[in-house]
Amino acid sequence: MRIDLHAHSNVSDGTETPADVMASAARAGLDVVALTDHDSTDGWAEASLAAVQSGLSLVPGMEVSCRTDQGISVHLLSYLHDPEHPGLLEEITKAKDARLTRAERMVTLLAEDYPLTWDDVIHQVAPGATLGRPHIADALVAAGVVADRSEAFTSILTSRSRYFVQHYAPDPASAVELVRAAGGVPVFAHPVASARGRIVGERTYREMIDAGLAGLEVDHRDNPEEGREFLRGLAAKHGLLITGSSDYHGTGKPNLFGENLTAPEVLARIEELGTGTAIVRP
Ligand code: AMP
Ligand code: FE
Ligand code: FE
Ligand code: ZN
């Protein structure tokens, strides 16, 4: 069984529709895939239909944007939560709305130095999608400023750049609690991805574990090997699940479906713990 539990569609910053993401997953030889768009579950319905048609199982999921009181960005994967749980819905809606104002502010700053307008960015975003820096990157590519998203993220759009603006995001421990309250299974995404920005310390892990964290995404290309060792130790100590996934974004990132996988026993445990919605099977 080939299980990949982290993928994005154009409901957030992936480049393919939810149906196309399922087709790509099937083509890559996966048996089970999770759709985990940033702060949105809008792709679930389309993905469910397409998964069944492709003979795939779909784990409905989401990636919740969070930020610690020290300003460190944390991504929290949620599997099998109730998409209509009011508390969780309120938080992700707040974050999603804040992403819009934040992108406008970044474009205002960028426009001082680059040929970029707000219209150029909107042109890159599917209607209703969760807006992110990747869409700004796409507009910069279209304007000929950079060659691809990766180049934009190593220079103009890094979290250390002078054009970078933060947006509202819940605290990681509160997000873990909300995901649990919504019947979901919270898994800390790429926890030691130090190339993306600062990573959290002991206190945040402790707070997230106390709040009900279920697992750690250990096998992800952005986690350096020494960080994975640390995560495996933490998982053993606290009885956390270990997942591995690609973080597929279509052509928006080099990440390929199936480059990291999750064990069937771990998926079985996620299915036992998740009570907000069910795995969709063909
Ligand atoms: P944002 O949430 O708007 O701050 O943007 C962060 C998103 O950008 C993450 O979800 C990543 O998927 C994406 N991202 C980060 N680094 C890169 C990169 N080097 N190339 C393409 N996308 C990236
Ligand atoms: Fe993303
Ligand atoms: Fe992420
Ligand atoms: Zn992701």
Side-chain angles (χ1 to χ4, degrees), residues 4-16 18 21 33-41 43 59 61-67 71-79 92 94-107 109-110 121 124-126 129-141 146-161 163-170 172 175 186-191 193-199 216-217 219-223 243-257 259-260 262:
D4 188 333
L5 297 181
H6 190 161
H8 297 264
S9 74
N10 67 354
V11 158
S12 62
D13 57 359
T15 57
E16 298 171 346
V21 171
V33 65
L35 183 70
T36 54
D37 277 305
H38 298 286
D39 305 317
S40 178
T41 60
V59 180
M62 179 165 78
E63 189 173 16
V64 186
S65 317
C66 310
R67 199 171 58 245
I72 302 172
S73 162
V74 166
H75 284 179
L76 183 71
L77 292 160
S78 170
Y79 300 115
I92 59 164
K94 224 168 129 180
K96 204 178 150 183
D97 291 349
R99 282 172 161 282
L100 193 69
T101 339
R102 172 266 201 145
E104 282 173 339
R105 289 171 62 197
M106 285 188 69
V107 170
L109 293 173
L110 285 159
V121 174
Q124 302 296 334
V125 190
T130 305
L131 233 160
R133 280 180 284 162
H135 301 108
I136 302 178
D138 290 346
L140 290 167
V141 172
V146 288
D148 53 26
R149 282 187 183 182
S150 296
E151 191 188 334
F153 271 92
T154 53
S155 55
I156 308 173
L157 296 180
T158 67
S159 53
R160 292 144 181 127
S161 138
Y163 308 107
F164 180 78
V165 178
Q166 287 186 338
H167 61 79
Y168 170 81
V187 173
F188 192 162
H190 45 72
S194 44
R196 291 172 179 239
R198 285 191 299 153
I199 56 173
L216 301 169
E217 188 184 47
D219 296 310
H220 182 293
R221 65 156 69 202
D222 293 354
N223 290 333
T243 68
S245 298
S246 62
D247 204 354
Y248 181 78
H249 279 68
T251 57
K253 271 190 178 186
N255 307 30
L256 298 174
F257 261 137
E259 66 178 33
N260 288 293
T262 294

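Computation of the quantities below employed the complete heavy-atom set of this structure, encompassing side-chain atoms and omitting hydrogens, waters and symmetry-equivalent molecules. Counting from 1, the numbers follow the sequence of the chain as shown. Just so you know, ligand 1 is whichever comes first in the structure, and atom 1 is the first atom listed for that ligand. Just so it is clear, the model here is predicted, and its values are computed rather than measured.
Taking every non-hydrogen atom of Gly252 and a distance limit under 4.0 Å, the qualifying atoms of ligand 1 come out as 21 (C). Atom numbering of ligand 1 starts at 1 in the shown order; those under 4.0 Å from a heavy atom of Arg149 are 21 (C). Near Asp13, meaning under 4.0 Å from one of its heavy atoms, ligand 1 places the atoms 7 (C), 9 (C), 10 (O), 12 (O). Those atoms of ligand 1 with a heavy atom of His249 less than 4.0 angstrom away are 12 (O). Taking a cut-off of under 4.0 Å to the non-hydrogen atoms of Pro134, the atoms of ligand 1 that pass are 5 (O), 7 (C), 8 (O), 13 (C). Distances below 4.0 Å separate heavy atoms of Gly132 from the following atoms of ligand 1: 3 (O). Interface of Lys253 with ligand 1, defined as ligand atoms under 4.0 Å from a residue heavy atom, comprises 11 (C), 12 (O), 13 (C), 14 (N), 17 (C), 21 (C), 22 (N), 23 (C).
Not one N/O/S atom of His75, from backbone or side chain, sits under 2.8 Å from the Zn ion (ligand 4). At least one N, O or S atom of His8, from either the backbone or the side chain, sits less than 2.8 Å from the Zn ion (ligand 4). One of the N, O or S atoms belonging to His249 lies under 2.8 Å away from the Fe ion (ligand 2).
In this structure, Leu157 and Leu110 have side chains that are in contact, with non-hydrogen atoms separated by less than 4.5 Å.
Under the 3.5 Å distance criterion, the side-chain polar atoms of Ser159 are left unmatched by any main-chain donor or acceptor of Gly197. Of the possible polar contacts, one joining the Asn223 side chain to the Glu217 backbone as a donor-acceptor pair under 3.5 Å is found. For Arg149 (side chain) and Thr251 (main-chain N/O), no donor-acceptor pair under 3.5 Å exists by modelled atom type.
Rounded to 10 degrees, the NE2-metal-OD2 angle spanning His38 and Asp13 at the Fe ion (ligand 2) equals 90°. With the Zn ion (ligand 4) as the vertex, OD1 (Asp247) and OE1 (Glu63) define an angle of 170°, rounded to 10°.
Some N or O of Arg102 is nearer than 3.5 Å to an N or O of ligand 1, by distance alone. The shortest N or O to N or O distance between Arg133 and ligand 1 is under 3.5 Å. Considering backbone and side-chain atoms alike, His167 places every N or O at 3.5 Å or more from each N or O of ligand 1.
With rounding to the nearest 0.5 Å, the separation of OH in Tyr248 from CD in Glu259 is 11.5 Å.
The minimum heavy-atom distance between Tyr79 and Thr36, with the atom names listed, is CE2-CG2, 3.9 Å. The shortest non-hydrogen separation linking His6 to Ser246 is O-OG, 3.6 Å.
His6 has its closest N, O or S atom to the Zn ion (ligand 4) at the position named NE2.
Protein heavy atom at the shortest distance from atom 2 (O) of ligand 1 is Arg99 NH2, 2.9 Å. Of the protein's non-hydrogen atoms, the one nearest atom 19 (N) of ligand 1 is Phe153 CB, 3.4 Å.
Looking at His8 against ligand 1, nothing comes within 4.0 Å, counting heavy atoms.
Counting non-hydrogen atoms of other residues, nucleotides and ligands closer than 6.0 Å to CZ of Arg105 gives a total of 12 or fewer.
Side-chain contact, His249 with Asp13: a donor N or O sits under 3.5 Å from an acceptor N or O. Remark: the Asp37 side chain and the Ser9 side chain contain an N/O donor-acceptor pair separated by less than 3.5 Å. A donor-acceptor contact closer than 3.5 angstrom is absent between the side chains of Ser40 and Ser12.
Between His75 and His190, the two ring planes are perpendicular [angle over 60°; tilted spans 30° to 60°].
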